[in-house]
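The structure appears below as structure tokens.
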Amino acid sequence: MAVALDLADIQGNILAGYGKQGFPKGRYILFHIDGDDEARRAANGRAFVNVWWPRVTNALRWEEKPHRPGEFVVPKPEVAINIAFTFRGLVALGVSTRTLRGMPDPYIDGMSARARLLGDDFAGGDWRSSWDEVWQADAKPAHILVTVNAQASSLPALEAITKELEASAQRNGVIVVEGHNRRAKPKLRYQEVSAIWKADGSGPAPTEHFGLADGISDPVFDGQYPDESEKLEATGNGAVDGLGGWRPLATGEFLLGYPDEAQEIAGAAMPIPFSRNGTFVAYRKLHQNVKSWRDFIGETAKNFGKVFKISDANDARELLIAKMVGRWSNGVPLSKAPTLEEWRDLSARLWELPRNERNKILSSFTFLEEDAEGHRCPVGSHIRRMNTRDGLDPRAIRPRELRGGSTLNNRRRILRRGLPYGTSGPDSRDEDDHGIVMLVMCADLFRQFEFVQQQWVNYGLDARSGSDTCPIVGNHSLGQNTRDPDARKRNGPKAKFVIPADPSRGHPPFIMEGLPQFVETRGGEYFFAPSLTALRMIGAGAIDPT
Amino acid sequence: MPNFDCGAYFLTTLVPIRTDAISDSANKSGISPIHELRSAIAKLPTAMQSPLCNAHSPFARSKRLHFSRLVVIDDVAYVGRKPINALLTVLTELFLPAAWHINPVNPQPQDHLANPFLLFSADFDAASGDDSERDSFLIDLWDKSQAELSSIFKYCYDFEKQVHDGPSFAKYIARCQVETTMPFHDYFMDGVPLDALPEISNTKLLAAFFGPAFLVYALVYWGYFDGAPSFFHTLFGLIAGTIVGALVVYFMVTKAGAKSYPPAPDSTLPSVLKALHLRKNFTRFVIDNQLLSVSDEPASQKELYDRFAAFTAANKPNDLDGPTQEPGVVGT
């Protein structure tokens with residue numbers, strides 16, 4: 001029997017990415033709970049939580065979305081409000097020791113203490129100085145994250161909610177932590193996020209600042225969609241078996257308190273109602289060096305075109321980017337359209353196809369049978385690292401019905417929420433503020449988010465690429481040009497990326513070298529996004545520890 | 001003989017650690033040998049995993065050693081009580097004499113080691129599983145890293161009394177050797193050649209079972225017992241025959257399975273190091289020359305040819321003694 005989720009108890013941003021659901025604008029606000037002593041801080045924090053938890057947007061389906069007949073549905077809200085806490089936040093709120101000690105180490109450590117593992121200290125000893133002021137050691141530590149997402153037409157409502165948040169914070173001794181930018185600038189009070197607008201101004205585009213379609217294959221788990229659409233959504237985005245059959249992933253990979261892909265309910269903070277229906281959030285502000293990207297791609301495409309025998313400069317550029325990402329700039333996967341001709345052909349009719357058909361093209365593909373060598377989609381490309389699908393099947397040599405499919409990958413999936421920030425016009429410079437605020441959600445930060453970041457993004461063993469990192473979001477060594485002397489020794493030679501070639505095409509592979517740092521971390525933290533039940537418990541200051 | 005497989009010797013040893021406290025000259029108080037051993041192991045340099053590590057592992061001085069491991073085993077883990085069936089407990093009390101009663105409250109016995117052990121394992125290149133291969137490896141390791149080995153093993157039982165040179169070190173370690181039952185070898189680049197696996201045909205297996213089985217049966221049926229064969233004779237003969245036949249098959253299969261697997265191609269340490277060196281340098285060569293390789297100009301092709309000639313001359317791909325990667329060094 002499928003999992004029946006209590007949608008009214010789960011925060012809405014876990015089940016759906018608001019960006020793609022018609023909420024292209026947002027504001028992320030960090031709060032610090034102040035007070036002279038423990039009791040005062042707990043009282044202040046609880047009073048603030050009690051004002052806001054009843055207004056948290058839950059996961060109940062909106063009238064316009066697919067739902068079961070007779071299901072309780074709600075009108076689509078103008079703004080969606082969600083709330084999450086750091087470990088220090090829970091301590092300040094006076095959550096009981098019995099509960100706190102059940103929290104996992106990465107969450108207790110916080111993201112900056114995990115810098116080594118995440119590769120965030122790559123630049124050298126003073127890595128943290130490049131983070132936003134709000135994450136600096138001397139800033140007031142963040143306790144509460146409130147994310148407010150708004151429809152494009154609801155900016156006044158977003159403003160009004162912000163004012164309300166500010167007012168209730170002030171009333172209750174809770175401080176807005178400012179500085180969502182680097183030092184020596186006027187401090188930004190909030191992290192503004194926004195989808196990137198189409199050039200003609202007609203609306204939000206599903207791209208990020210490098211101009212690439214983003215957020216396509218998000219994992220689908222049991223209970224997330226109503227029965228009829230579940231199968232469809234899971235195709236390409238769930239778990240796949242050796243025969244190519246897709247199913248939704250286990251709920252416990254993304255929500256605490258449910259069986260996960262190991263068919264067990266992982267341990268979590270007690271009491272169970274405190275953890276159940278909650279999840280962990282990795283907030284990561286990722287700056288994008290747009291100019292470096294454009295310059296490097298433009299320059300490299302020339303040589304790439306020569307080796308891959310593509311005369312047109314733009315064609316070479318498009319294919320080069322596609323090989324690095326694993327998808328063409330409009331999101332069509334290389335696995336479905338490996339050549340420029342096939343891509344153009346498929347793209348021309350893609351938007352006329354019904355949504356279901358289109359989703360199948362964009363998401364439903366595997367690597368083992370069709371492309372084990374990576375002649376179409378390089379094994380080290382971005383999407384093959386982030387979501388290895390059946391590429392690491394430990395039973396790959398067995399007959400198809402005995403294979404494991406995506407079994408290893410199923411334990412390493414992450415929900416990606418969040419939106420871009422800043423703008424990137426034609427004259428963009430690297431120093432300009434633009435990038436993405438990723439909200440990574442998963443039940444186990446260590447097993448899922450941190451593993452993917454450490455092993456698949458910043459290392460190449462599973463991608464059969466030696467020490468090569470992800471060509472897009474990985475750390476890229478600058479070799480001898482590395483500024484910090486220790487990092488220069490440690491990071492090794494200049495970053496490279498190998499683009500394999502199909503031997504029948506009559507040209508050799510291409511190795512690109514000297515990739516600059518395209519994406520840099522500007523700050524972040526680990527949060528716990530509790531259920532509505534747990535929010536009530538936190539606010540009441542009464543968590544039965546039995 | 002799983003100590004030797006795929007052209008490598010898999011040495012596993014359990015060396016007893018001293019249990020008498022050592023006098024600590026600084027504090028004039030006793031200190032645990034296990035404590036000192038752990039501290040000595042912690043001070044051993046690991047490999048040169050990055051240029052930030054400034055010291056080489058003493059084990060990297062051996063030109064045969066692939067992988068070595070030192071683990072302190074304090075005691076065997078206690079895995080808990082044996083489960084007792086509550087119903088059975090009651091039944092024994094009801095129906096059996098007192099000597100058979102089970103008292104669930106009584107503590108059950110626990111196993112413990114008499115002393116802690118240092119697990120020292122090493123996988124190294126060897127021509128065979130002969131003791132001389134093991135000893136020559138250990139003597140060579142002692143000659144190259146005597147100071148470091150002494151700093152570790154001096155906390156082991158009787159080491160300082162028994163070991164004074166390479167041969168005595170080899171003898172000491174050999175006395176502590178246990179059989180390696182599951183060696184792991186991962187140098188088959190193109191998969192394991194299945195035809196090298198020991199194979200026994202079904203006909204042979206059937207013959208190995210039914211031959212002895214029938215002999216035993218016949219012996220029991222006609223030979224051993226006098227008089228007319230009874231049902232009991234038949235049954236006993238069948239059971240005895242089946243057991244003997246199964247034993248013969250079992251020994252045949254395990255004997256075939258014990259045959260060591262052939263070495264993987266180019267899997268000795270010098271070959272692996274050479275491969276790492278060539279891969280690194282050839283990658284550099286490809287990056288530097290990839291544009292030449294796609295040019296149709298004869299001059300470019302000549303240039304590429306000449307540069308590759310220079311590459312092979314400089315790196316000597318077939319010469320294991322030529323330029324190579326240093327052992328115990330990761331990267332760069």
Side-chain angles (χ1 to χ4, degrees), chain A residues 116 121-122 124-125 299-311 316 320 372-373 380 396-398 459-461 464-469 475 477 479-480 482 484-501 503 505-515, chain B residues 45-56 67 184 186-197 272-301 303-305 307-308 311 315 325-326 328-332:
Chain A
R116 194 78 219 260
D121 68 343
F122 191 71
E299 205 48 45
T300 310
K302 292 176 192 162
N303 287 343
F304 173 69
K306 282 180 197 155
V307 173
F308 267 55
K309 301 194 188 299
I310 302 167
S311 46
L320 177 69
E373 301 291 323
I397 59 167
R398 302 293 194 89
Y459 190 40
L461 191 72
R464 286 181 276 148
S465 308
S467 300
D468 289 356
T469 62
N475 279 328
S477 172
Q480 286 310 305
T482 309
D484 183 274
D486 273 357
R488 191 184 315 133
K489 280 189 186 175
R490 184 192 63 196
N491 295 353
K494 282 183 189 170
K496 66 178 193 313
F497 176 63
V498 182
I499 301 174
R505 295 201 156 256
H507 59 74
F510 179 71
I511 303 180
M512 55 200 289
E513 196 194 27
L515 288 78
Chain B
T46 55
M48 282 274 278
Q49 292 177 349
S50 91
L52 284 182
C53 314
N54 286 320
H56 277 265
F67 190 77
F184 179 71
D186 195 22
Y187 283 131
F188 288 97
M189 286 301 290
D190 302 309
V192 178
L194 292 175
D195 54 3
L197 284 171
V272 172
L273 292 171
K274 185 80 194 185
L276 289 172
H277 171 84
L278 285 176
R279 187 173 67 178
K280 188 175 76 186
N281 286 278
F282 187 65
T283 304
R284 184 72 259 154
F285 177 83
V286 171
I287 296 173
D288 292 341
N289 296 290
Q290 52 188 347
L291 292 181
L292 277 181
S293 75
V294 286
S295 165
D296 294 330
E297 305 268 326
S300 301
Q301 294 183 0
E303 176 69 23
L304 181 64
Y305 184 86
R307 288 194 195 176
F308 188 65
F311 170 83
N315 291 290
Q325 169 100 11
E326 227 183 310
V329 177
V330 180
T332 58

Quiz prompt | For Gln290(B) against Val307(A), the heavy-atom pair lying closest together | solution = O-CG2, 3.9 Å

Self-check item: Considering all heavy atoms, the nearest Val294(B)-Lys306(A) contact
Solution: CG2-O, 3.8 Å

Self-check item: Whether over 12 other heavy atoms sit under 6.0 Å from Phe188(B) CZ
Solution: yes

Practice problem: Could you grab the distance from atom NZ of Lys302(A) to atom CG of Leu291(B), nearest 0.5 Å is fine? | Solution: 12.5 Å

Quiz item: Does atom CZ of Arg284(B) have more than 12 heavy-atom neighbours, drawn from other residues, nucleotides or ligands, at distances under 6.0 Å?
Solution: yes

